[in-house]
Amino acid sequence: MLIVTEEVCKKVVGRTDAFNAVQAVFGAMASGDAYNFPVIREAIGYADALYGFKSGFDRTGLVLGLKSGGYWPGNLKKGLTNHQSTVFLFNPDTGQLDALVGGNYLTALRTAAASSVSIAHLARKDSRVLGMVGAGHQSAFQLRAAVEQREFEKVVAWNFHPDMLPALGKVAAECGLPFEAVEREQLGAQADVIITITSAHAPLLMKDWVKPGTHIAAMGTDTKGKQEVDPELIGAATLFTDEIAQSISIGETQHAIASGLVKESDITPIGEVINGEHKGRTSEDEITLFDGTGVGLQDLAVASTAAKLAKEQGLAQEVQL
Ligand code: NAD
């Protein structure tokens with residue numbers, strides 16, 4: 001069995017590996033070759049923690065396993081990140097444990113890869129301004145992955161806590177892009193692509209603020225009750241997601257579904273676009289929205305890549321159980 005630490009994951013897996021792994025598994029999900037098992041998520045009544053499992057099987061890539069972890073709000077005081085996760089990969093032929101892989105860095109990488117896959121397939125080719133709503137831990141990963149997909153010339157950003165924006169500005173500068181902090185009412189007038197990545201529980205991005213032709217990657221809503229996008233904007237957009245079942249229950253479309261503004265059949269798995277079964281964007285004026293809810297198969301795809309690369313590079317520890 002291999003052990004692949006957080007440090008080794010950072011050394012061996014980059015954005016291109018994550019993009020390729022996530023794009024492939026979204027395609028496999030849409031063709032029925034990969035599926036996610038029901039998610040378990042529990043408030044354990046200790047340390048205020050939320051703990052759970054996300055698991056699945058990809059028959060194409062032969063990746064079977066689970067990501068176990070959750071959210072421990074007291075961790076920051078202990079010098080640890082609040083989100084903690086570990087991936088377990090099993091041999092699909094024997095059921096034996098193949099690898100234990102640190103999941104914290106990979107979670108940020110695979111989440112950024114998902115929005116970046118959506119930009120690659122759905123954003124207008126002439127997109128030049130990237131709009132960021134959110135400036136927390138995930139936002140830097142999101143920005144770095146997004147700017148590789150189009151010839152962006154500028155980043156505009158808004159955050160609920162404005163003091164967090166300079167750190168995101170530094171990331172934009174490292175990517176060689178000018179950065180402007182704007183009011184959220186103004187962000188959509190400039191942005192051609194907008195990523196929302198916050199823990200908001202009320203809409204932050206309203207329909208009238210977004211121009212025709214915009215692509216939105218709504219990435220923050222991954223739980224019942226969270227919300228970043230005006231349901232009217234969801235109703236006006238062509239909708240894509242990683243997994244429909246998650247999108248309508250815990251993703252951004254949950255609110256528009258509940259109020260009857262959209263139906264489940266209005267939402268397309270992005271894998272269908274990847275596989276060439278759906279055209280994706282069909283006009284320059286269409287607003288496209290990708291609801292990235294985060295599925296276990298994304299975690300397994302990047303963790304399996306990490307285990308493979310770490311083994312090849314002699315960086316994985318081998319132990320007998
Ligand atoms: P973080 O705690 O580092 O940052 C939180 C962000 O939300 C900050 O920008 C903060 O200013 C903002 N925020 C906090 N309260 C707000 C409010 N009331 N209104 C508007 N904005 C508010 O978190 P993070 O690790 O960057 O994660 C951001 C979000 O992304 C979380 O909701 C997390 O659960 C979600 N997430 C989704 C996926 C996925 O696959 N879709 C994966 C990882 C994280």
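Counting starts at 1 for both ligands and their atoms, following the listed order.
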Select one of side chain, backbone, both or neither to describe which atoms of M164 lie under 4.0 Å from any atom of ligand 1, heavy atoms only.
-> side chain
Heavy atom under 4.0 Å from ligand 1: found in I197's side chain, backbone, both, or neither?
-> both
Looking at ligand 1, does any of its N/O atoms fall within less than 3.5 Å of an N/O of [X]?
{"X": "G220", "value": "yes"}
{"X": "T198", "value": "yes"}
{"X": "H83", "value": "no"}
{"X": "S139", "value": "no"}
{"X": "A200", "value": "no"}

Salt bridge flag under 4.0 Å for residues E148 and R144 = no
Does a salt bridge link D126 with R150, judged by any charged N lying under 4.0 Å from a carboxylate O?
-> no
Heavy atoms only: which of W158, F160, Y71 is nearest to atom 20 (C) of ligand 1?
-> F160
Quick check: does any side chain N or O of Q96 sit under 3.5 Å from a backbone N or O of F90, one acting as donor and the other as acceptor?
-> no
For atom 24 (P) of ligand 1, is the nearest protein heavy atom under 4.0 Å away?
-> yes
Hey, are D33 and S31 close enough side-chain-wise for a donor-acceptor pair under 3.5 Å?
-> yes
Verify the distance criterion only: is there a donor paired with an acceptor across the side chains of Q190 and K154 at less than 3.5 Å?
-> yes
Is the centre of the H121 ring less than 6.0 Å from the centre of the F240 ring?
-> no
